[in-house]
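Below: the structure, in structure tokens.
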Amino acid sequence: MGQTKEIRRVDITHDLNGDGRDDIVIPDVDGFYIAVQQDNPHETKSAFSEPVLVGPAEPFRNAHTIDDERIYGTTGINEMNLPSYLSRVHKMDFNQGGRTDLVFWNEDRFDVHYQTATGTFEQNTVSFSTEVPFDSDGSYSLFFSFSGENPFALITGMRKKTRRTVLSTIKDMNNDGVADLVTFTTEGRSIMNHRSWYRVYPGYPAPNGIAFNTKAESTIHLKKGAGVFTASGYASHRIQDVNDDGRLDMIVGQVNMGYRKMVRAMVGNSITIDIECYRGVDGGLDFSPDDVRRIRPKIDLFGKRGPYFPAVMLGDISGDGKIDLLTWVSWNRLNVYLGSTGSNLFEKEAKHVQILQPRDEQYISRQHLNRDNKEDLLVY
């Protein structure tokens with residue numbers, strides 16, 4: 001076997017049932033194989049339940065992306081598309097029984113796998129529908145909506161304006177104990193310049209479980225940026241309690257796209273990343289960004305190291321319970337914006353650390369290595 005210059009990393013461990021222990025979830029084109037971590041009465045260590053297949057098949061397994069001749073189902077699951085598969089796994093306490101259930105969008109309805117008393121999940125499903133408008137599940141599905149279109153028209157915008165809405169996530173955004181539904185919409189002619197926004201539809205208890213209001217509780221309009229590139233790593237969002245106040249916040253990072261920005265990347269060896277921070281407030285998210293950070297990482301498209309995508313990460317590396325913002329601004333310089341208790345979610349001034357970055361965020365992992373309650377960076 002020849003030597004490889006890469007160490008491929010995939011994360012198939014996630015806490016599915018909310019017991020604080022990681023479970024195994026392995027995506028497949030036919031669904032998801034899950035094995036729940038359980039206590040083993042015969043051993044000192046934990047064991048896993050027998051893997052069971054849950055969830056519907058991959059809806060795009062026989063589809064082509066924008067310029068790929070192969071169908072999606074034959075490309076194989078790898079470190080690049082694994083997050084796309086896993087984005088279809090949603091969690092919520094559907095029957096309000098105090099346990100986290102697994103929820104999947106299945107063409108025209110939601111399928112729910114109830115959690116059992118032992119922490120596993122039933123293979124039989126109950127279904128419910130929603131009137132909240134969206135076209136598909138997962139941001140990666142945006143790429144399939146442009147299949148068969150002229151690439152030149154997609155780049156230049158010499159085409160009809162299109163709008164696509166996808167199911168982004170299901171989380172309790174307004175802190176009322178009931179899960180809410182979040183959609184992501186992108187609209188435009190050129191894939192280089194789309195408008196995009198998030199909408200939060202509140203959930204409420206219904207006779208047979210949970211239903212979602214068809215009127216959005218809040219709408220968050222993003223700056224012009226990546227738009228449809230959300231599925232490819234050019235944009236991402238994280239929803240979590242950043243400042244440890246018990247409310248969910250949203251952090252959105254987008255590469256500022258456009259022709260002038262592409263020229264700057266090739267000639268000036270730099271790109272622009274906008275990081276928008278939306279603070280959680282009573283009743284949901286603030287409509288306007290609490291903070292906007294613009295960073296211009298240096299890149300070297302034609303250097304010896306080759307092109308790389310600057311990493312933007314969140315993690316509590318200070319151990320104070322607040323999430324910190326980590327951004328690489330060059331191959332060997334990491335900026336750390338510590339979590340704040342002030343008017344902004346992060347401190348204005350960054351601390352600088354000399355750490356080499358690999359070419360892609362996939363080769364950086366946050367781990368607790370020395371049990372000091374601070375997240376450490378494992379970098380290849």
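For this chain, numbers begin at 1 and follow the sequence in order.
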Exercise. Is the backbone N or O of Glu349 less than 3.5 Å from a side-chain atom of Glu347, with the two atoms forming a donor-acceptor pair by type?
Worked result: no
Exercise. Under a single-linkage definition using a 4.5 Å side-chain heavy-atom cutoff for Ile, Leu, Val, Met, Phe, Trp and Tyr, are Tyr204 and Leu181 assigned to the same hydrophobic cluster?
Worked result: no
Seminar exercise, completed: Note: Glu217 and Pro202 closest approach over all heavy atoms is CB-CD, 3.6 Å
For this session: Indicate yes or no for a side-chain donor-acceptor contact from Asp241 to the backbone of Asp244 under 3.5 Å, with no hydrogens or angles considered.
Result: yes
Exercise. What residues, two or more places apart in sequence or in another chain, satisfy ring-ring contact (aromatic ring centres under 6.0 Å, His included) together with Phe94?
Worked result: Phe128
Problem set entry | Distance-minimising heavy-atom pair for Asn174 and Asp176 | OD1-OD1, 2.8 Å
For this session: Verify, without hydrogens or angle tests, whether Asp324 (side chain) and Ser318 (backbone) share a donor-acceptor contact under 3.5 angstrom.
Result: yes
For this session: Ignoring hydrogens and angles, tell me if any N or O in the side chain of Arg159 forms a donor-acceptor pair with the backbone of Arg189 under 3.5 Å.
Result: yes
Exercise. Should the heavy atoms of other residues, nucleotides or ligands under 6.0 Å from CG of Asp376 be counted, would the total exceed 12?
Worked result: yes
For this session: Look at atom CG of Asp15 and say whether more than 12 heavy atoms of other residues, nucleotides or ligands are closer to it than 6.0 Å.
Result: yes
Exercise. Counting N and O atoms only, with roles assigned by atom type, does the side chain of Asp11 sit under 3.5 Å from a partner on the main chain of Thr13, one being a donor and the other an acceptor?
Worked result: yes
For this session: State, yes or no, whether a side-chain contact exists between Glu187 and Trp197 at a heavy-atom distance under 4.5 Å.
Result: yes
Exercise. Residues two or more places apart in sequence or in another chain: which of them pass side-chain contact (heavy atoms from CB on, under 4.5 Å) with Asn335?
Worked result: Thr327, Val329, Arg333, Tyr337, Ala350, His352
Exercise. Distance-only, no hydrogens or angles: does the Gln37 side chain make a donor-acceptor pair with backbone N or O of Asp22 under 3.5 Å?
Worked result: yes
For this session: Please answer whether the main-chain N or O of Pro56 pairs with a side-chain N or O of Arg88 as donor and acceptor at a distance below 3.5 Å.
Result: yes
Exercise. Is Ile26 reachable from Phe104 through a run of hydrophobic residues whose side-chain heavy atoms are each under 4.5 Å from the next?
Worked result: yes
Exercise. Who passes side-chain contact (heavy atoms from CB on, under 4.5 Å) against Asn332, sequence neighbours left out?
Worked result: Ser330, Gln354, Leu356
Exercise. Mind checking whether Val89 and Val103 sit in one hydrophobic cluster, side chains of I, L, V, M, F, W, Y counted as touching below 4.5 Å?
Worked result: no
For this session: For Phe134, enumerate each residue passing the ring-ring contact (aromatic ring centres under 6.0 Å, His included) test, keeping only those at least two apart in sequence or located in another chain.
Result: Trp105
For this session: Return yes when atom CG of Asn370 has more than 12 non-hydrogen atoms of other residues, nucleotides or ligands closer than 6.0 Å, and no otherwise.
Result: yes
For this session: Determine whether Phe32 and Pro27 make a side-chain contact, defined as any pair of heavy atoms from C-beta on separated by less than 4.5 Å.
Result: yes
Exercise. Under 6.0 Å from the NZ atom of Lys374, do we count more than 12 heavy atoms belonging to anything else shown?
Worked result: no
Exercise. Is the Tyr278 to Tyr198 ring centre distance short of 6.0 Å?
Worked result: no
For this session: Determine, using the 4.5 Å side-chain heavy-atom cutoff (strictly less than), whether Tyr201 and Val112 are members of one ILVMFWY cluster.
Result: yes
Exercise. Looking only at heavy atoms, which two atoms of Asp172 and Val178 are closest? And how far apart?
Worked result: OD1-O, 3.0 Å
Problem set entry | Spacing of CZ belonging to Arg164 relative to OG belonging to Ser196, to within rounding of 0.5 Å | 15.0 Å
Seminar exercise, completed: Residues passing the salt bridge (charged side-chain N to carboxylate O under 4.0 Å, His left out) test with Lys171, sequence neighbours excluded, are none
Seminar exercise, completed: ring-ring contact (aromatic ring centres under 6.0 Å, His included) filter on Tyr33, not counting sequence neighbours, yields none
Exercise. Under a single-linkage definition using a 4.5 Å side-chain heavy-atom cutoff for Ile, Leu, Val, Met, Phe, Trp and Tyr, are Ile34 and Leu82 assigned to the same hydrophobic cluster?
Worked result: yes
For this session: Applying side chain to side chain donor-acceptor pair (under 3.5 Å), run through Asp111 and Ser127 and close with a yes or a no.
Result: CA-CA 5 Å; Asp111 289 341; Ser127 299; 2.7 Å; yes
For this session: Give the minimum heavy-atom separation between Arg238 and Met313, together with the two atoms involved.
Result: NH2-CA, 4.2 Å
Seminar exercise, completed: Heavy-atom nearest pair, Ala179 first then Met92, reads CB-CB, 3.8 Å
Exercise. Which pair of non-hydrogen atoms, one from Gln115 and one from Asp101, has the smallest distance, and what is that distance?
Worked result: N-OD1, 2.9 Å
